Trainee: 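My questions will all concern the structure given below.
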Amino acid sequence: MFDRIGDSSTTMVPKPKGSASLAAVLSAFVPTWIVGLAFLAIFVLIRRRFPVIYAPRTFLGTVPEKDRTPSSGSTYLDWLHTMRKLPDKFLLYHESLDAYLYLRFLRTIIFICAVGCVLTWPVLFPVNATGGGSSTELDRITISNVAKKNYLYAHAIMAWVFLGFVMFTITRERLWLIGLRQAWTLSTSNAKRLSSRTVLFLSAPRDALEQDNMIRYFGDGAVRIWPVTKPETLQTLVSERDALVEKLESAEAVLIHKANSRKARRSIDGDNRARISYYDIPDLVKMAIRLRSKPKVFPFSPFLNTYLGFPYSKKEDTIQSLRDQIKEKEELIEETRKGYEIGEPHGAAAVFVEFKTQVEAQRACQQVASSNPLALMPRYIGVKPNEVIWDNLTIPAVRRISQQGVANTIVTLTIIFWSIPSGLVGIISNISYLAENVEWLHFLKGLPDPVIGLLSGLLPPLLTSLLAKDVPLIFRKIFKSFGGPTTTVNELKVQKWAYVFQVTQVFLVTAVFSGAATVASQLAQHLQDPTAIPALLARQLPKSSNYYLTYFIVQGTTSAADNLLNYSNLLGHLFSEYLVDETPRQKFSRFTSMKGIAWGKVFPKFTNFAIIAIAYSCIAPLVLGFAAAGLSLYYFSYRYNLLFVMQPKIDTKGQAYTLALQHLLTGVYIAELALIGFFGLQKAKGPSIMTGILFFVTILYNVMMNKYMSPLEKFLPADLVSSAERDDETTPLLSNADAEEGRGTRSGLVPAPVAEHVIKPTARFFDPHAFTSYRSMKVWIQDEEDYTTEEDEVPEYTDEELRRAYLHPALASQTPVIWMARDAMDTSKNEVQGTKECGLKASDEGAWLDEKRIVHWNVVDFEKVPVWKKAVKY
């Protein structure tokens, strides 16, 4: 069979062979759904047995009681009731701003994809299916099946409609986010925090580190400074001391374990077995069960050892030796701290500066503080002490700039290198074409159709996920190693570069090679007729969309279900609990180390999901539906994890969402360029002109939006901060933004349910100018019962907490308490007493050894755990 290409062309091309799009999709769909349902069933069955893995936010002491997720009951499906009852806004008050915004981001891109389906499917499916091409199966409802030029006007018009809607939605969300961030940052509980009025200045000159010069460098609003230089000697001593503490606790755990063994108990005389204890054990047995080690000696010279006073063969008590070493380190650390002075750092220093108000801090962060362009730059506001990477603060300015360049170069080369495996994955997705047209792959044609479907449908998405999984981790290590000053700064860099990686490798390279494999296998057959090549490219390149249908299936089923089951953390927990952890501190640290979430990894991944869906919206609209379905499953899994499991450790204060919204425009650009290229190949002048105009409108829109919104996304307006500090709620985010909350819903002719659930949400969406003002967002934030507890929580700091807030840990950390497990033999009491006699703090409270000699600790009442301290909210 032959079909015509174009309205008047007489060029005839053979109907394509080997199109297995439907078989590939089904081959990916069936096994992934089976695996996904199996994961979900296992999760439901074991969830109650391991609450520390699947619901730590409901009970763990490190989560304040007011911030814990309520537990509905003890049934297998009680968590579904909790998820249905709690709104996403719960996370805003009880977890973090980023957690709430992440779920909102997923909802936003699901909404974009769903609206895209409503707009494009009724129009483009019939147009593509009747376009006069010869494509088959799922390829028939893509633009590759359109051979009639006049039909392409439908795609151009839908590009204007849908891509215009995408740009409006992005603008609306950016405006809304500006208002939310301002209202949230200026709320009483956040505005009064120390970090909100503290600025970190890097590359500080020597004079700026002196308290006497504080006003000169930072103005009258400066209150306190914390100079930061690199105390290398102290850092080494503190690190060695902490390592010795770990060794001592391990040695004590081994002793307590041996003292409660049957062998030790049998050594006690029968008369004393009624109430035996460690003190009843014979001295020889005590010496045998205590760890002993040889001191440092000269191995081949007994005479020299004797001459220098070293016993050559006598072993010493390891526990007592460790106690003495810790005490020596402690005394040496205190002496070094007393003699510590800030020398000439030569630019290798930083300074934290506290200001009286947020206004002063914002002003200091934006003004020029030194005539030296490299001094006191860069600077960051709102940095919390637990975000600081202390070793990276004391890097000279020139070295910091060069290290940033090296880091960017390494990341760029990494992305380029990844093109090789990504391209191979794209080629595998078109294995049916390769089997027919590449001679040495002809043997693949003999494989059964289901196997071909699995190789082309299931394998490529799995390989893509595997290749992209650890890339953000690599980037994070690079930026940390090359001078990133805080975890937040590094995470935002990771997000930017991971976005580049996702778009180039997971999308463009894979798509190009996926389509190119199809094209390359047939180009050799058409070189004698070059006029057929443009038509061939125009028809075959969109077929790479089939790859992303299976990609969304795999991601939305197995990966989302894996997020719930979280089997890697479960296995790690069981392995550590029974085979690795031996001290109470090790068990406490593992138990309380809640799972975090890396914004630099998850935002780019789902931004790319949306970019792919938008890019294919007018080429292969079916992708929008698969993307919406996959993202919905991800939204469900992440909502559960954020409510029950995760504790974000990095606070970007909404900056991650801002970047993600800006990155979404990439999908609009790619969609427009793809359509322009396709229309050009088809020589459709009208649609080409329409899409070309849309492309330039998009550029103008992007430039204008960034020009006017970027300053508001980076800084708080000074007049807004001043008015908020005076409790003046009349200052709007933008001019004429004083519309009332109920605007457009007050007509008495409209029934209340319609006004509440239809007109009001519609007005909110299409009138962002009125509903995203600072005043409106402040009302929105306070419009919850949960907010009252947060509003009343105004932080108050003691003088000691303020003094130590931004002090280098080497200058402030104290010797940890030696924590042991209490046992029935009272071994721990003896060891606690011996440790205290050496001048060290020790305790056996809150931990115990059971009959099977397994260590437990008080997971219910953290007040009884000696190593737990209530975190200070800086």
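What you see is a predicted model, and the numbers here were worked out from it, not measured in a lab.
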Trainee: Taking side chain as C-beta onward, heavy atoms only, is T486 less than 4.5 Å from V489?
Mentor: yes
Trainee: List the steps, then state whether salt bridge (Lys or Arg N to Asp or Glu O under 4.0 Å) holds for R68 with E65.
Mentor: CA-CA 5 Å; R68 295 177 189 173; E65 190 170 351; 5.1 Å; no
Trainee: Would you check if there is a donor-acceptor pair between the side chains of S96 and D651 at a distance under 3.5 Å?
Mentor: no
Trainee: State whether the side chain of S196 and the backbone N or O of R193 hold a donor-acceptor pair below 3.5 Å, judged by distance alone.
Mentor: yes
Trainee: Does any non-hydrogen side-chain atom of L393 lie less than 4.5 Å from one of I389?
Mentor: no
Trainee: State plainly whether the residues R104 and D88 are in salt-bridge range, i.e. N to O under 4.0 Å.
Mentor: no
Trainee: Determine yes or no for a side-chain-to-main-chain donor-acceptor pair under 3.5 angstrom, with E249 supplying the side chain and W819 the backbone.
Mentor: yes
Trainee: Is R323 salt-bridged to E252, cutoff N-O under 4.0 Å?
Mentor: yes
Trainee: Is any NZ, NE, NH1 or NH2 atom of the basic residue among E335 and K338 found under 4.0 Å from an Asp or Glu carboxylate oxygen of the other?
Mentor: no
Trainee: Quick one: pull up CG in D562 and OG in S568 and give me the separation to the nearest 0.5 Å.
Mentor: 6.5 Å
Trainee: Distance-only criterion, 3.5 Å: show the donor-acceptor pairs between side-chain atoms of residues 39-63 and protein atoms not counting sequence neighbours.
Mentor:
from, atom 1, to, atom 2, distance (Å)
R47, NE, Y640, OH, 2.6
R48, NH1, S74, O, 2.5
R48, NH2, Y76, OH, 3.1
Y54, OH, L565, O, 2.6
R57, NH1, M646, O, 3.3
R57, NH1, Q647, OE1, 2.3
R57, NH2, D67, O, 3.4
R57, NH2, H94, O, 3.1
T58, OG1, A55, O, 2.7

Trainee: Determine yes or no for a side-chain-to-main-chain donor-acceptor pair under 3.5 angstrom, with S321 supplying the side chain and D317 the backbone.
Mentor: no
Trainee: Suppose we screen for ring pair (Phe, Tyr, Trp, His ring centres under 6.0 Å). Which residues come up paired with W868, at least two apart in sequence or across chains?
Mentor: F862
Trainee: So with a 6.0 Å cut-off around CD of E800, is the heavy-atom count from everything else above 12?
Mentor: yes
Trainee: Describe, in one word, how the ring planes of Y806 and F352 are oriented to each other, choosing from parallel (under 30°), tilted (30 to 60°) and perpendicular (over 60°).
Mentor: parallel
Trainee: More than 12 non-hydrogen atoms from neighbouring residues, nucleotides or ligands closer than 6.0 Å to NZ on K587, yes or no?
Mentor: yes
Trainee: Using only atom types and a distance under 3.5 Å, with no angle test, would you say the side chain of S576 pairs donor to acceptor with the backbone of V580?
Mentor: no
Trainee: If you look at every heavy atom in M820 and S828, which pair is closest and at what distance?
Mentor: SD-O, 4.2 Å
Trainee: Taking E246 for the side chain and A243 for the main chain, is one N or O donor matched with an acceptor at less than 3.5 Å?
Mentor: no
Trainee: What's the spacing between E328 CD and E240 CD if we round to 0.5 Å?
Mentor: 12.0 Å
Trainee: Could you grab the distance from atom OG of S195 to atom CG of N190, nearest 0.5 Å is fine?
Mentor: 8.5 Å
Trainee: State, without any angle test, whether T815 and E330 hold a side-chain donor-acceptor pair at a distance under 3.5 Å.
Mentor: yes
Trainee: Nearest 0.5 Å please: distance from the CG atom of L103 over to the CZ atom of F90.
Mentor: 12.5 Å
Trainee: Does NZ belonging to K192 count more than 12 external heavy atoms closer than 6.0 Å?
Mentor: no
Trainee: For V867, is there any backbone N or O sitting under 3.5 Å from a side-chain donor or acceptor partner on R585?
Mentor: no
Trainee: With no hydrogens and no angle check, do the side chains of K841 and Q814 hold a donor and an acceptor under 3.5 Å apart?
Mentor: no
Trainee: Does this structure show an ion pair linking R822 with E845, if we count only N-O contacts that are shorter than 4.0 Å?
Mentor: yes
Trainee: Can a donor-acceptor pair be found, under 3.5 Å and without considering hydrogens, that links the side chain of K230 to the backbone of N392?
Mentor: no
Trainee: I'd like to check the ring pair (Phe, Tyr, Trp, His ring centres under 6.0 Å) partners of Y797; sequence neighbours left out, ordered by chain and number.
Mentor: Y874
Trainee: Which atoms form the tightest heavy-atom contact between A821 and P584, and what is the distance?
Mentor: N-CG, 3.8 Å
Trainee: CD of E331 to NZ of K329: how many Å apart, nearest 0.5 Å?
Mentor: 12.0 Å
Trainee: Holding to side chain to side chain contact (heavy atoms under 4.5 Å, CB included), I want the full list of residues that pass it with K864, two or more places apart in sequence or in another chain.
Mentor: N858, D861
Trainee: Where the side chain of K595 meets the backbone of N641, is there a donor-acceptor pair that is under 3.5 Å apart?
Mentor: no
Trainee: Locate the shortest heavy-atom distance separating Y635 from L106; write the atom from each residue and the value.
Mentor: CA-CD1, 3.8 Å
Trainee: Minimum heavy-atom separation for A842 and K836, please, with both atom names.
Mentor: O-CE, 3.3 Å
Trainee: Walk me through it: do Q235 and D391 pass the test side-chain hydrogen bond (donor to acceptor under 3.5 Å, both in side chains)?
Mentor: CA-CA 10 Å; Q235 280 184 286; D391 288 342; 2.8 Å; yes
Trainee: Applying ring pair (Phe, Tyr, Trp, His ring centres under 6.0 Å), name anything that partners Y102, two or more places apart in sequence or on another chain.
Mentor: W599, F603, Y638
Trainee: Just checking, is any N or O donor in the side chain of Y634 or Q555 under 3.5 Å from an acceptor N or O on the other one?
Mentor: yes
Trainee: If I take atom CD from residue Q655 and atom OG1 from residue T488, how far apart are they, to the nearest 0.5 angstrom?
Mentor: 8.0 Å
Trainee: What is the minimum heavy-atom distance between A251 and I319, and which atoms define it?
Mentor: CB-CG1, 3.8 Å
Trainee: Write down the atom of I326, the atom of R241, and the distance for their closest heavy-atom approach.
Mentor: CG2-CG, 4.5 Å
Trainee: Among N260, D844, T827, I854, exactly one meets side-chain contact (heavy atoms from CB on, under 4.5 Å) together with L849. Which residue is that?
Mentor: N260
Trainee: Ring pair (Phe, Tyr, Trp, His ring centres under 6.0 Å) with H808: which residues, sequence neighbours excluded?
Mentor: W390
Trainee: For K649, I'd like to know if atom NZ has over 12 heavy atoms of other residues, nucleotides or ligands within 6.0 Å.
Mentor: yes
Trainee: Tell me whether the count of non-hydrogen atoms from other residues, nucleotides or ligands lying under 6.0 Å of NZ in K327 goes above 12.
Mentor: yes
Trainee: With a 3.5 Å distance limit and no angle check, can you tell me whether T69 reaches the backbone of L643 through a side-chain donor-acceptor pair?
Mentor: yes
Trainee: Any donor-acceptor pair under 3.5 Å linking the side chain of D470 with the backbone of L473?
Mentor: no
Trainee: Under 4.0 Å between a Lys/Arg side-chain N and an Asp/Glu carboxylate O for E491 and R476?
Mentor: yes
